[in-house]
Amino acid sequence: NANYTPDPFASVQVASVQTLVQRIGRVRMDYDLIIIDEAHHSNASTWRKIIESNPRARLLGVTATPCRADGVGLGTESGGYFDCMVMGPQTQDLIDMGFLVAPKIYAPPSAIDMSDVDIVRGDYDKAQVLAKVDKPTITGDAVAHYRKYADGSPCVVFCVSVEHAMHVSEQFRAAGYRSEHADGSLPDDERQRRLNGLGNGSVQVLTTCDLISEGTDIPAIACAILLRPTASLGLFLQQVGRALRPSPGKDYAIILDHVGNCRTHGRPQDIREWSLEGAKRTKRSLKEDQ
């Protein structure tokens with residue numbers, strides 16, 4: 001954080017992985033315990049470098065989605081770092097306890113045909129996906145269905161690319177909505193202004209690509225529009241999860257799935273069995289519930 005001067009010798013450090021890995025050698029690296037948020041990333045090289053710089057530390061990984069797009073497990077037998085999984089409450093449990101709201105899902109009767117799209121690092125090739133979804137007909141349906149089911153509600157639209165996000169935002173503005181796009185190239189203050197707009201009403205529809213899929217907490221988001229097909233269960237759950245945070249006056253979240261992700265992965269609240277070996281199964285599929 002540019003506005004904060006850290007103490008490199010403090011016994012407890014809270015840091016982003018990207019910052020900490022650049023400071024190895026300048027901060028103490030003899031920790032007894034490392035707590036890893038979004039621990040499904042722990043197999044990646046940056047995380048590995050930090051972990052292996054503290055060989056005697058115990059590890060506690062926390063994540064809502066203990067799976068990777070490449071299918072590699074997080075357990076020691078799969079090349080990962082964890083030897084025990086402690087299951088927390090399932091999404092439906094959290095809904096029942098009031099920590100999340102239930103999703104109300106709307107989707108077209110048929111999904112986009114992805115059979116001819118290549119898989120790259122566990123997910124669909126973005127260039128090929130973009131050719132399928134960045135079309136006026138699909139964007140037009142997204143605007144029309146937003147007007148029908150969530151008119152004016154704070155909404156985030158998950159897109160394939162920054163260019164796609166800009167195109168979609170333009171269509172929402174043309175339809176009379178206060179819409180902005182957000183991406184990592186924006187100055188920090190401008191990006192934050194647009195994100196905050198969902199909470200204060202200055203932005204009704206925020207289109208984005210790879211920016212707020214995980215970790216972002218904006219409880220006001222009442223609707224999520226899925227315009228990016230994904231083969232990644234983790235990405236799907238992280239995206240729809242942005243709309244499930246409770247907020248005053250929000251009885252449920254609206255999910256407008258225009259690309260068939262719910263048919264591929266099931267509903268967000270389906271019961272899932274996770275494993276450190278990477279196996280993941282859905283007990284109840286969306287199709288079985290119809």
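Not a single donor-acceptor pair under 3.5 Å links the side chain of S179 to the backbone N or O of R173. Under the 3.5 Å distance criterion, the side-chain polar atoms of R242 are left unmatched by any main-chain donor or acceptor of I218. Side-chain N or O atoms of D134 include none that pairs as donor or acceptor with a backbone N or O of L130 at under 3.5 Å. Remark: the backbone N or O of A175 is paired with a side-chain donor or acceptor of R147 at under 3.5 angstrom. Listed for the D123 side chain is a donor-acceptor partner under 3.5 Å among the backbone atoms of A231. T19 places no side-chain N or O within donor-acceptor distance of the main-chain N or O of S16, the cut-off being under 3.5 Å. Proximity of a side-chain donor or acceptor of S78 to a complementary backbone N or O of G80 within less than 3.5 Å is not detected. Looking only at distances, a side-chain donor or acceptor of Q204 sits under 3.5 Å from a matching main-chain atom of R178.
Closest non-hydrogen pair, T63 versus A39, comes out as CB-N, 3.6 Å. The minimum heavy-atom distance between H181 and L206, with the atom names listed, is C-CD1, 4.1 Å. Annotation for P246 and F99: closest pair CD-O, 3.1 Å, computed over non-hydrogen atoms. Contact between R194 and E190 at its shortest, heavy atoms only, is NE-OE2, 2.7 Å. Closest approach of T207 to S169, counting heavy atoms only: OG1-CB, 3.5 Å. Of all non-hydrogen atoms in S115 and D113, the two that sit nearest each other are OG-OD1, 2.7 Å.
Between D183 and R191 no salt bridge is recorded (no basic side-chain N to carboxylate O distance below 4.0 Å). Look at R267 and D257 and you find no salt bridge, because none of the NZ, NE, NH1 or NH2 atoms lies under 4.0 Å from a carboxylate O.
Only one option out of Y146, Y252, Y149 pairs with Y106 in a ring pair (Phe, Tyr, Trp, His ring centres under 6.0 Å); it is Y149. Here the rule is side-chain contact (heavy atoms from CB on, under 4.5 Å) with L244, and of L94, L100, L237, I221 only L100 fits it.
No more than 12 heavy atoms of other residues, nucleotides or ligands sit less than 6.0 Å from atom CZ of R58. The environment of CE in M114 is crowded: more than 12 heavy-atom neighbours from other residues, nucleotides or ligands sit within 6.0 Å.
Hydrophobic clustering (side-chain heavy atoms under 4.5 Å, transitive across Ile, Leu, Val, Met, Phe, Trp, Tyr) keeps I35 apart from V14. Hydrophobic clustering, with ILVMFWY side chains joined whenever heavy atoms are under 4.5 angstrom apart, keeps I51 apart from V72. In the hydrophobic cluster analysis, where Ile, Leu, Val, Met, Phe, Trp and Tyr join through side-chain heavy atoms closer than 4.5 angstrom, L198 is grouped apart from M166. If you chain together hydrophobic residues whose side chains sit under 4.5 Å apart, L59 and I24 fall into the same group. Linking ILVMFWY side-chain heavy atoms closer than 4.5 Å, directly or via other members, places V162 and V259 in two distinct hydrophobic clusters.
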As a quick check of understanding, evaluate side-chain contact (heavy atoms from CB on, under 4.5 Å) for L233 and T65, giving each step before the final call. CA-CA 8 Å; L233 172 62; T65 53; over 6 Å; no
Check against side-chain contact (heavy atoms from CB on, under 4.5 Å), I254 and H145: CA-CA 11 Å; I254 297 172; H145 290 155; over 6 Å; no
Evaluate the side chain to side chain donor-acceptor pair (under 3.5 Å) criterion for residues Y81 and R48: first the C-alpha distance (whole Å), next the side-chain angles of each, then the deciding distance (0.1 Å), finally the verdict. CA-CA 9 Å; Y81 293 102; R48 282 184 174 275; 2.9 Å; yes
Check the pair F158 / N261 against side-chain contact (heavy atoms from CB on, under 4.5 Å), numbers first and verdict last. CA-CA 12 Å; F158 295 100; N261 285 341; over 6 Å; no
Working for side-chain contact (heavy atoms from CB on, under 4.5 Å), residues E77 and D83: CA-CA 8 Å; E77 294 184 0; D83 51 26; over 6 Å; no
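Contact check for D118 versus Y124: no side-chain heavy atoms found under the 4.5 Å cut-off. Side chains of P268 and I105 form a contact here, defined as non-hydrogen atoms less than 4.5 Å apart. Using a 4.5 Å heavy-atom cutoff, the side chains of P103 and I95 are in contact. In this structure the side chain of H265 never reaches within 4.5 angstrom of the side chain of V240, judged on heavy atoms. Two residues are said to be in side-chain contact when any heavy atoms from C-beta on lie closer than 4.5 Å; K132 and V160 fail this criterion. Side-chain contact check for V129 versus V117: some heavy-atom pair is nearer than 4.5 Å. Counting heavy atoms from C-beta on, the side chains of I50 and I36 never come closer than 4.5 Å. With a 4.5 Å cut-off on side-chain heavy atoms, Q13 and L20 do not count as touching.
Judged as a side chain to side chain contact (heavy atoms under 4.5 Å, CB included), and not counting sequence neighbours, the contacts of K250 are V101, A222, S247. Evaluation of the salt bridge (charged side-chain N to carboxylate O under 4.0 Å, His left out) rule for K49 yields no partner, not counting sequence neighbours.
A donor-acceptor contact closer than 3.5 angstrom is absent between the side chains of H258 and D141. Looking only at atom types and distance, the side chain of E163 has no donor-acceptor partner in the side chain of S161 under 3.5 Å away.
Separating the SG atom in C67 from the CG atom in L235 is a distance of 10.0 Å, to the nearest 0.5 Å. Taken to the nearest 0.5 Å, the OG1 atom of T46 stands 9.5 Å off from the CD atom of Q22. For the atom pair OH (Y31) and CG (N54), the distance works out to 7.5 Å, reported to the nearest 0.5 Å. Considering OG of S153 and OH of Y177, their distance stands at 9.5 Å, rounded to 0.5 Å. Interatomic distance, NE2 of H41 versus CZ of R68, reported as 8.5 Å (0.5 Å rounding). With rounding to the nearest 0.5 Å, the separation of CD1 in I225 from CD in Q239 is 12.5 Å.
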